[in-house]
Participant: 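Structure provided below as structure tokens; questions to follow.
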2 protein chains.
Amino acid sequence: MSRSRPQTRVSVRPYHHGNLRRALLHEALTTIRKDGVEALTLREIGARLGVSRTALYRHFADKRALLAAVATEGFRTLRQRLVAAWEDGRDRAAFEAMGVAYVGFAVANPAHYRVMFGSALAAKADDAKTVDCDLVDEAEGAFQALVDALATLQREASVRQEDTVTMARYVWAVVHGVAMLGIDGQISEPGAVEQLTSYAIERLRTGIAAVEPAAPRRRH
Amino acid sequence: MSRSRPQTRVSVRPYHHGNLRRALLHEALTTIRKDGVEALTLREIGARLGVSRTALYRHFADKRALLAAVATEGFRTLRQRLVAAWEDGRDRAAFEAMGVAYVGFAVANPAHYRVMFGSALAAKADDAKTVDCDLVDEAEGAFQALVDALATLQREASVRQEDTVTMARYVWAVVHGVAMLGIDGQISEPGAVEQLTSYAIERLRTGIAAVEPAAPRRRH
DNA sequence: ACCTGAACACCGTTCAAGT
DNA sequence: ACCTGAACACCGTTCAAGT
């Protein structure tokens with residue numbers, strides 16, 4: 001009952017010298033994607049990989065650490081998506097594309113997204129012993145992408161000249177809030193999340209735009 | 001080891017005819033508040049109440065149902081806070097007070113707030129069999145308080161004349177996002193959450209305000 | 001009706017032992 | 001170094017039995 005999986009067995013040693021970690025991470029993410037976090041079991045991911053259920057402890061301190069690693073990878077992917085959207089223009093349209101990319105990632109990977117914000121980060125205020133530094137770094141990296149983009153827009157004066165970090169936090173809060181609403185099934189109608197996203201970005205624009213827009217109402 | 005708690009023993013039968021449900025709910029909430037959801041154990045809350053650990057199943061289908069009930073109570077309290085803030089003025093200032101009240105509730109009860117949005121609602125898109133109707137109703141009730149307030153502001157034309165539900169969802173997303181950021185410890189400096197809240201409400205105002213404000217720039 | 005106590009299947013984690 | 005197998009303490013849940 002453990003030899004019958006169609007895994008490619010080309011390499012001599014299946015999961016040694018470090019790929020076990022990667023394999024564990026990948027398997028955990030697959031399970032989370034398919035059935036959610038609460039379905040994640042260390043025993044089963046071991047079994048699924050054809051490995052003892054305690055082998056995991058060579059690569060992760062405990063289940064929390066595994067989840068933190070999953071979350072870290074999520075923030076890395078998210079940052080890449082955000083940066084890609086921004087680099088494609090580096091203007092206000094690109095900034096708004098970042099928002100769409102953000103919500104899009106969350107809605108496409110709801111369970112993963114939930115893990116990213118699920119209490120693993122919350123330990124920050126605590127004794128700082130249970131905090132995963134990689135996770136914090138990666139989360140701050142994704143946030144930094146937003147700050148950088150916003151700073152650029154401020155430099156070209158298409159956005160209010162206010163504290164960049166506070167503004168970025170506000171923008172983050174908006175897209176995060178929209179994403180959560182979209183994930184939690186509060187919005188049931190199909191397409192409603194996309195509609196809310198574009199509406200939110202529109203209202204966000206009028207919210208943070210420079211007080212005097214570049215093109216005031218000339219032709220009335 | 002089970003008789004030594006200083007519970008008032010005035011009533012003849014300790015937890016019969018229906019107060020067991022309330023006691024379980026209260027005990028669960030207390031534990032969640034103190035140590036978070038992951039520390040919640042059916043066995044221990046039974047023990048803490050001096051009751052068998054299976055007595056709970058007379059009042060709740062399973063642990064999920066208990067958590068759903070805790071979440072429901074959270075939404076009820078939240079709605080009361082929101083309505084109270086709104087009724088105290090019923091104007092734009094009162095509307096902004098609702099925002100402060102919302103974030104205030106979340107930050108004051110982070111673990112409880114997390115349960116309210118923790119996957120219990122997410123089953124809505126599924127086969128609709130695991131959905132707790134009371135929870136959905138109460139959550140929608142809290143949301144409705146926001147819709148009603150917004151509709152009033154629209155009637156007196158101090159807010160954009162757009163689809164009320166979409167606008168309300170946007171506002172909800174903003175406060176929810178700020179609350180989550182505040183809870184997740186992403187914002188570490190003291191007072192930063194309050195600062196972000198007031199900033200967000202300010203930018204929210206310029207975002208959803210009627211296009212032509214009541215007092216246009218007369219004195220240049 | 002409501003509660004109990006024993007039992008079941010499952011979980012994360014530890015640890016001495018293997019290679 | 002890396003992995004195993006048995007064991008430990010714990011969990012949610014079921015169910016026949018008590019009152």
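Fair warning: this is a prediction, and the values are worked out from it, not measured in the lab. Any value given below was found using the heavy atoms of this structure, including those in side chains, with hydrogens, waters and symmetry copies removed. Throughout, protein chains are lettered first and strands after them, A, B, ... in sequence-line order, and every chain is numbered starting at 1.
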Participant: Tell me, please, which residues at least two apart from B:Arg58 pass salt bridge (charged side-chain N to carboxylate O under 4.0 Å, His left out).
Facilitator: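 Not a single residue meets the salt bridge (charged side-chain N to carboxylate O under 4.0 Å, His left out) criterion with B:Arg58.
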Participant: Suppose we screen for side chain to side chain donor-acceptor pair (under 3.5 Å). Which residues come up paired with B:Asp163, at least two apart in sequence or across chains?
Facilitator: B:Thr166
Participant: Answer yes or no: is there a side-chain heavy-atom contact under 4.5 Å between A:Leu66 and A:Leu42?
Facilitator: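 Yes, at least one pair of side-chain atoms sits under 4.5 Å.
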Participant: Using a cut-off of 4.0 Å between protein heavy atoms and nucleotide atoms, how would you tag nucleotides 12-19 of chain C 5' to 3' with B, S and -?
Facilitator: BBB-----
Participant: Which pairs with one or both residues in residues 186-205 of chain A pass salt bridge (charged side-chain N to carboxylate O under 4.0 Å, His left out), sequence neighbours excluded?
Facilitator: A:Glu96-A:Arg205, A:Glu189-B:Arg169, A:Arg203-B:Glu162
Participant: Only stems of 3 or more consecutive Watson-Crick or G-U pairs count here, both distances under 3.5 Å; name the ones for DNA chain C, or none.
Facilitator: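 Paired runs of 3+ in DNA chain C: C:4-8 with D:12-16, C:12-16 with D:4-8.
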Participant: Nearest whole Å is fine: how far is D:dC2 C1' from A:Phe60 CZ?
Facilitator: 15 Å
Participant: Could you pull out all residues at least two apart from A:Asp148 that satisfy side chain to side chain donor-acceptor pair (under 3.5 Å)?
Facilitator: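 Per chain and number, A:Asp148 pairs via side chain to side chain donor-acceptor pair (under 3.5 Å) with A:Gln144.
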Participant: Residues two or more places apart in sequence or in another chain: which of them pass side-chain contact (heavy atoms from CB on, under 4.5 Å) with B:Ala111?
Facilitator: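 Per chain and number, B:Ala111 pairs via side-chain contact (heavy atoms from CB on, under 4.5 Å) with B:Ile32.
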Participant: Return the value, rounded to whole Å, for the distance between atom CZ of B:Arg21 and atom P of C:dC3.
Facilitator: 13 Å
Participant: Calculate the interatomic distance between A:Ile45 atom CD1 and C:dC11 atom C1'; express it in whole Å.
Facilitator: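 After rounding, the gap between these two atoms is 14 Å.
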Participant: Which residue pairs pass the salt bridge (charged side-chain N to carboxylate O under 4.0 Å, His left out) test when at least one of the two sits in residues 26-37 of chain A, sequence neighbours left out?
Facilitator: A:Glu27-A:Arg48
Participant: Do any pairs count as a side-chain hydrogen bond (donor to acceptor under 3.5 Å, both in side chains) and have a residue in residues 74-84 of chain B, sequence neighbours left out, and if so which ones?
Facilitator: B:Arg76-B:Glu138, B:Arg79-B:Glu138
Participant: State which of D:dC3, D:dT4, C:dT4 makes the closest approach to the side chain of B:Val51.
Facilitator: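 For B:Val51, the side-chain atoms sit closest to C:dT4.
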